[in-house]
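Throughout, protein chains are lettered first and strands after them, A, B, ... in sequence-line order, and every chain is numbered starting at 1.
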Protein chains: 2
Amino acid sequence: MEAASSRVARVEIDRRRLPPEERQQQIVDEAVRFFAEVGLDGTSRELANRLGVTQSLIFKYFETKQDLIEAVYGRVYLERISPDWPALIRDRSRPIGERMSIFYRDYGSRIFDHDWMRIFMFSGLAGAELNKRYLNHLRQTLLEPMLEEVRQASDRRTVPTMEDIWSLHGGIVYIGIRQHIYRMPTPDEPQHEIDRAITRFLGSFGIKGPA
Amino acid sequence: MEAASSRVARVEIDRRRLPPEERQQQIVDEAVRFFAEVGLDGTSRELANRLGVTQSLIFKYFETKQDLIEAVYGRVYLERISPDWPALIRDRSRPIGERMSIFYRDYGSRIFDHDWMRIFMFSGLAGAELNKRYLNHLRQTLLEPMLEEVRQASDRRTVPTMEDIWSLHGGIVYIGIRQHIYRMPTPDEPQHEIDRAITRFLGSFGIKGPA
DNA sequence: TAGCTTAATGATCGATCGATGAACAAGATC
DNA sequence: GATCTTGTTCATCGATCGATCATTAAGCTA
């Protein structure tokens, strides 16, 4: 072991007196991982231990614990929905099956995430508004346009409904729930199963799918 | 207001000195509703308030809070899987679509339940063994036989996989998750949507569905 | 109705929670 | 290198947690 106090040896850890913005970001980053693991009832003391700081320091950056949780909500909420997706869904120069495959590939890469899945579930159980806002936004900007596109591409013999879309969506999301909530075995790369689900879905409306 | 001490007027409430078995059952019943609402971190004092007894009484019937939670697990776990379902799934005198429709109608009537859905999710997030035992049992006794029956009934052009079954299952379960976890609007009577999902699923394997 | 069993209460313990404020010290400024 | 700013620590508060135990009283029995 070298001398622990070497300046360059502790670039990441054991640093004191950080700039406020950096410290605040560091707290939120660790809080996301911490609350995702133990739930929103995790204590400020254990979070402080993981950060290597004292518990009181957290309350220098967040007046209440609820403020910290709201900051965690904001962090996990961000970057989870791409602004490019609405245009992708409506891009009729590509087959609807290809559009849905690409969308759910990108979507899955963002939500099949341990921290996101668990914090989203914890906040949902706690009755937070985060979930309703997120799901309403998802429905209005992505799922309802997707429904319209599938209707346009269908053979009109049977017309898809919004609940049909939710069923497809739920079947895909359930992969992440099995993996991160129930900790059950799931496919390493779920794209193949996603494409199969999309193909089955589109096929029932007379549309060719991606798989 | 009448005299509150009337003997017949307080048949249900304000009864003291119950037989131990009756009191224990009463505590577990209320604990199921209580923990389903506020989570497994709900306090023994608030539970006692809802029961109209003192907090210390709960620890006369359960040595630790964890013992009470285990009793809650046992209560919600029971009666959630019918012993008749394996035979139903394998009953080839009926079309596979009809079998799956009946199964998921009965299954939905048991799991689209506020207390069950939430306690199952709370326990899953807490890492309890309940969820893995339940899902493994569900897979082995019901979903894998269902996969085999669908394969038998299919036109063999495309062969269904276990992940396909999970996708169908997840799409159905997701209705309950939207309703009881996220508290979003869902169909009052989901049987129609369930049958549509089954029909889409079977149709993609060349099988006629229930809807 | 007196006596006995025991279900239930009331008081309290030690630990832990979120939150507060005084004291300290790291690091920039001159 | 002395001084000042402020990020951080230390000590502590009141509330609340699960859990314990002596005391009380409901309800059966003789």
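The CG-P distance, from Leu40(A) to dC17(C), rounds to 16 Å in whole Å. In this structure, Leu68(B) atom CG and dA19(D) atom P are separated by 10 Å, rounded to whole Å. What separates CZ of Arg17(B) from P of dT5(C) is a distance of 12 Å, to the nearest Å. Distance, Glu63(B) CD to dC21(D) C1': 15 Å, rounded to whole Å. Atom CG in Asn49(B) sits roughly 14 Å away from atom C1' in dT9(C) (whole-Å rounding). Taking atom CD of residue Glu46(B) and atom P of nucleotide dG18(D), one finds them 11 Å apart after rounding to whole Å. When the P atom of dT6(D) is taken as reference, atom CD of Glu22(A) falls 18 Å away, rounded to whole Å. Put simply, CZ on Arg16(A) is 7 Å from C1' on dA26(C), counting in whole angstrom units.
With DNA chain C read from its 5' end, the first of the two nearest nucleotides for Asp41(A) and Lys60(A) is the one closest to Asp41(A). Of the two residues near DNA chain C, Thr43(A) and Pro20(B), the one whose nearest nucleotide lies more 5' is Pro20(B).
Comparing dG18(C), dA19(D), dA26(D) against the side chain of Ser44(A) picks out dG18(C) as the nearest. In this structure, the nucleotide among dT9(C), dG18(D), dA19(C) sitting nearest to the side chain of Gln55(B) is dG18(D). Comparing dA22(D), dT9(D), dT20(D) against the side chain of Ser56(B) picks out dT20(D) as the nearest.
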From CA spacing to verdict: side chain to side chain donor-acceptor pair (under 3.5 Å), Asp164(A), Thr161(A): CA-CA 5 Å; Asp164(A) 294 334; Thr161(A) 68; 3.2 Å; yes
Please test Gln25(A) against Glu21(A) for side chain to side chain donor-acceptor pair (under 3.5 Å), starting from the C-alpha separation and ending with a verdict. CA-CA 6 Å; Gln25(A) 183 176 343; Glu21(A) 321 82 47; over 6 Å; no
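Side chains of Glu70(A) and Gln66(A): a donor on one and an acceptor on the other come within 3.5 Å. For the residue pair Arg196(A) and Ser167(B), no side-chain donor N or O sits within less than 3.5 Å of a side-chain acceptor on the partner.
If you check every strand for non-hydrogen atoms under 4.0 Å, Tyr61(B) touches sugar and phosphate atoms only.
One cannot find a donor-acceptor pair under 3.5 Å joining the base of dT16(D) and the side-chain atoms of Arg45(B). Judged by atom type and distance alone, Arg23(A) does not reach the base of dG7(D) through any side-chain donor-acceptor pair under 3.5 Å.
Taking the ring centroids of Tyr182(A) and Phe120(B), they lie under the 6.0 Å cut-off.
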